[in-house]
Amino acid sequence: AFTLPLPAFTRHTRANVKIQDGCNCKCAYCTIPSARGPSRSRQFEDILREVDALQERGYREIVFTGINIGTYHDGSRRLLQLIEAVLANSSVERLRLSSLEPAMIPKGLLELMKRYEGRLCRHLHISLQSGSPATLKRMNRPYPLEKIVAFIHKAVETIPQLAVGVDVIAGFPGEDEREFEETCQTLRNLPIAYGHVFSFSERPHAPITAQPDIPRVDPRTIQERNRILREIVAGHKRRFLETLCRDQASPLRVLVEQYRAPYWEGHTDHYVQVCIQAPESAALRNEILDVIPLSLQDERILAVPRQNTLS
Ligand code: SF4
């Protein structure tokens, strides 16, 4: 396990805390293992110390980051114990996890989200990469797709308003029309809140580069597939935001980050951007505020502070 010196942060609101580095997986498109080396975890107590220090400096939200944070372990203590230690022993108001590998999502995470509702952010970003078992196999990501699909369904049923996001790659070598359609179908049927779509690009030290026999998808097709996938995930995002806007019964809680005339801007625990109608003089920076959603503005929610939350 490694330690890190306490960083000298100058901005408040949200702080990234690195808990892990490197990766032992060998995904065919990825150069991280060769660039960053094998997976290693930061000392448990060192992380708790940093979280305490950040909290004392006024940070309201902590984000656990790393290359493959699901592999975190210091002795027998793993990611779940780390999350629990932070939430049980500090008054950190929000803890968010960065991206999780599907095969490394800790068992018990949803229970923890339920137990620490509002503090452990209702936000899961999952590196799905493809919705086709054959493509995943060629990517050397041999987890059973149906298991992760079932997990995502269970997750959104268990945690109200949970925002699940996925990464997807368009045009991985060997991806034919049938596999691409499988990925589209998987994505259409997933109850996700958003998705990030990337086009496959050749990287010098990625394992797939040493397999020129696998047919490459031509750049135009990659571009077109990227467009189709973006359309699918944009539909999910719109529906998710509309649901949040409609759900007037539960006001949104926003960590306010900055004033950009004419709004105060911040993010909910689902990591949805919210623009709040309030004067600059309200000095809302670094406040956690309940707001009532009014409407959608592109991919942001326009809202007003709930009555009595502004003095
Ligand atoms: S894609 Fe993620 S899990 Fe796969 S090798 Fe790269 S860092 Fe590791």
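As the structure is a computational prediction, the values presented were derived from the model and not from experiment. Start at 1 and go down the list; that is how both ligands and their atoms are numbered.
Under a 4.0 Å N-O distance rule, the pair Arg49/Glu45 does not qualify as a salt bridge. In this structure, Glu265 pairs ionically with Arg300, as a charged nitrogen and a carboxylate oxygen lie closer than 4.0 Å.
A ring-centre distance under 6.0 Å is found for Tyr194 and His125.
Residue side and main chain included, Cys25 places no N/O/S atom under 2.8 Å of atom 4 (Fe) of ligand 1.
Checking side-chain atoms of Asn189 against main-chain N and O of Gln185 turns up a donor-acceptor pair under 3.5 Å. Side chain of Tyr72 to main chain of Arg42: a donor-acceptor pair is present (N/O by atom type, distance under 3.5 Å, no hydrogens or angles).
Around atom CD of Glu242, more than 12 heavy atoms belonging to other residues, nucleotides or ligands sit under 6.0 Å away. The number of heavy-atom neighbours closer than 6.0 Å to CZ of Arg138, taken from other residues, nucleotides and ligands shown, is above 12.
Listed by atom number, the atoms of ligand 1 under 4.0 Å from Pro33 heavy atoms are 5 (S). Close approach to Ile67 involves these atoms of ligand 1, each under 4.0 Å from a residue heavy atom: 7 (S). Interface of Cys30 with ligand 1, defined as ligand atoms under 4.0 Å from a residue heavy atom, comprises 1 (S), 5 (S), 6 (Fe), 7 (S).
Closest to atom 2 (Fe) of ligand 1 among all protein heavy atoms lies Glu101 OE2, 3.3 Å. Taking atom 1 (S) of ligand 1 as the reference point, the nearest protein heavy-atom neighbour is Tyr29 OH, 3.5 Å. Closest to atom 4 (Fe) of ligand 1 among all protein heavy atoms lies Cys27 SG, 2.3 Å.
Contacts between Cys23 and ligand 1 below 4.0 angstrom, taking non-hydrogen atoms only, involve the side chain exclusively. When non-hydrogen atoms are compared, ligand 1 lies under 4.0 Å from neither the backbone nor the side chain of Ser127.
Note on ligand 1: Arg141 sits in its first shell, one or more heavy atoms being nearer than 4.0 Å.
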